[in-house]
Amino acid sequence: MTSIFITDDHPLVLEGLKNILAEANTLQVAGCFANAATTLEAIKETFPDVLLLDINLPDANGIELVQKVKSLSPNTRIIALSVHNEYAVINSMFNEGADGYIQKNALGDEIVEGIKTVLEGRRFLCSQSAAIMCQKDKDGLQNVPKVTRREKEILQQAAKGLTTQQIADVLFISPHTVESHRKNLMEKFEVKNLASAIKLATEYGLIRE
């Protein structure tokens, strides 16, 4: 039997995936988790054959979690489950070590096919994501920018509408430091203002709405 871990913070998604996998006699759901912390703790004890991983988790971003899972269990195949269908997100997941990428609205047969494909050592893309990755002319970012914890904090506070001084007061840093991070964030996201960086960071799941 192939052991499967599922990490997703939406109960309905978890139940749907369990029902889909229950129909495949060779696949066994060995654990379901709602966040990154419990997933990593479980993987320290049990090395699943496949991890179905939601990209947007309450305590971590799936892109950042891939490397941590692979370091604990190198042979675990990771399939991203996402509502995101942007080139930068898909590309970043594979660059970090994911083995597959499937849209959450994919059919059950495609999910099972994806699991079988990655177990054979091949990369899998659902049909929707494959079409995105095959586009010859790709505009915008090619990868999701890697932002520091402090940069995430500044994005999160700025998303609340706080001014530079207010952010500095909340985070106990100088306004100059906040401005320096703002500039770096705009460069990383290749945008002209922080509002655009916040929009992209939210879309990519780097910060929560």
Side-chain angles (χ1 to χ4, degrees), residues 1-36 38-40 42-43 47-70 72-135 138 141-144 202-206 208:
M1 294 288 285
T2 297
S3 61
I4 312 288
F5 273 9
I6 306 173
T7 298
D8 196 298
D9 63 332
H10 296 89
L12 287 177
V13 174
L14 283 176
E15 287 304 312
L17 288 170
K18 286 195 292 185
N19 289 336
I20 289 170
L21 299 180
E23 296 179 3
N25 296 329
T26 59
L27 305 179
Q28 179 181 29
V29 177
C32 294
F33 312 96
N35 55 51
T38 54
T39 300
L40 293 173
I43 287 178
F47 304 136
D49 296 310
V50 177
L51 168 63
L52 299 180
L53 175 64
D54 182 15
I55 286 185
N56 293 336
L57 297 171
D59 59 341
N61 177 267
I63 297 172
E64 301 164 343
L65 189 57
V66 171
Q67 283 191 340
K68 294 179 181 179
V69 171
K70 288 290 188 176
L72 291 171
S73 182
N75 294 324
T76 294
R77 306 298 185 185
I78 300 176
I79 297 178
L81 297 175
S82 181
V83 296
H84 295 288
N85 207 23
E86 299 91 355
Y87 181 91
V89 176
I90 302 170
N91 198 41
S92 290
M93 284 300 292
F94 283 123
N95 286 343
E96 293 301 312
D99 302 281
Y101 196 98
I102 297 176
Q103 291 288 299
K104 283 191 173 182
N105 62 357
L107 297 176
D109 289 345
E110 198 164 24
I111 294 172
V112 173
E113 179 189 354
I115 292 172
K116 292 178 179 179
T117 299
V118 298
L119 285 171
E120 294 172 355
R122 295 182 288 126
R123 178 180 289 188
F124 183 83
L125 279 163
C126 68
S127 56
Q128 298 174 61
S129 297
I132 294 294
M133 298 303 286
C134 287
Q135 290 179 0
K138 302 176 182 69
L141 295 169
Q142 300 299 294
N143 292 282
V144 174
T202 304
E203 290 177 357
Y204 294 157
L206 297 176
R208 306 284 284 188

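These numbers were taken from a predicted model, which means no experiment stands behind them.
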- [ ] Just do the side-chain contact (heavy atoms from CB on, under 4.5 Å) check on Asp99 and Val50 with the steps written out, would you?
- [x] CA-CA 10 Å; Asp99 302 281; Val50 177; over 6 Å; no

Task: side-chain contact (heavy atoms from CB on, under 4.5 Å) between Ile63 and Tyr204, worked out - done: CA-CA 9 Å; Ile63 297 172; Tyr204 294 157; 5.8 Å; no

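In this structure, the side chain to side chain donor-acceptor pair (under 3.5 Å) partners of Glu15, at least two apart in sequence or on a different chain, are Lys18. Taking the side chain to side chain donor-acceptor pair (under 3.5 Å) definition, one finds that Asp8 meets it with His10, Lys104, sequence neighbours left out. For Lys68, the side chain to side chain donor-acceptor pair (under 3.5 Å) test picks out no residue, with sequence neighbours left out. Partners of Thr38 by side chain to side chain donor-acceptor pair (under 3.5 Å), not counting sequence neighbours, listed by chain and number: Asn35. For Gln128, the side chain to side chain contact (heavy atoms under 4.5 Å, CB included) test picks out Asn85, Gln103, Asn105, Cys126, with sequence neighbours left out. In this view, Ser127 and Glu110 satisfy the side chain to side chain contact (heavy atoms under 4.5 Å, CB included) rule, not counting sequence neighbours.
Remark: of the listed residues Ile6, Thr76, Asn75, Thr76 is the sole one forming a side chain to side chain contact (heavy atoms under 4.5 Å, CB included) with Pro48.
Atom CD of Glu23 is surrounded by 12 or fewer heavy atoms from other residues, nucleotides or ligands within 6.0 Å. When the shell of 6.0 Å around CG of Asp109 is examined, it contains 12 or fewer heavy atoms from other residues, nucleotides or ligands.
Atoms CD1 and CD1, on Ile115 and Ile20 in that order, are 9.0 Å from each other to the nearest 0.5 Å. For the atom pair CG of Leu40 and OG1 of Thr7, the computed distance is 8.5 Å after rounding to the nearest 0.5 Å. Rounding to the nearest 0.5 Å places OG1 of Thr26 at 9.5 Å from CG of Leu21. The distance from the CE atom of Met133 to the CZ atom of Phe94 is 6.5 Å, given to the nearest 0.5 Å. Rounding to the nearest 0.5 angstrom, the gap separating the CE atom in Met93 from the CG atom in Asn61 is 8.0 Å. The CD1 atom of Ile111 sits 5.5 Å away from the CD1 atom of Ile102 when rounded to the nearest 0.5 Å.
Using a distance-only test at 3.5 Å, with no hydrogens or angles considered, no donor-acceptor pair links the side chain of Asp9 to the main chain of Ala34. Within the 3.5 Å criterion, the main-chain N or O of Phe124 finds no donor-acceptor partner in the side chain of Thr117.
Between Phe5 and Phe33, the ring-plane angle classifies as perpendicular under the 30° and 60° cut-offs.
Between Asp54 and Leu57, the shortest heavy-atom distance links the atoms O-CG, 3.7 Å. Ala36 and Asp59 get closest at one heavy-atom pair: N-OD1, 2.9 Å. A pairwise comparison of heavy atoms in Glu96 and Val66 identifies O-CG1, 3.4 Å as the closest pair.
If you check the side chains of Asp49 and Ser3, you find a donor sitting under 3.5 Å from an acceptor.
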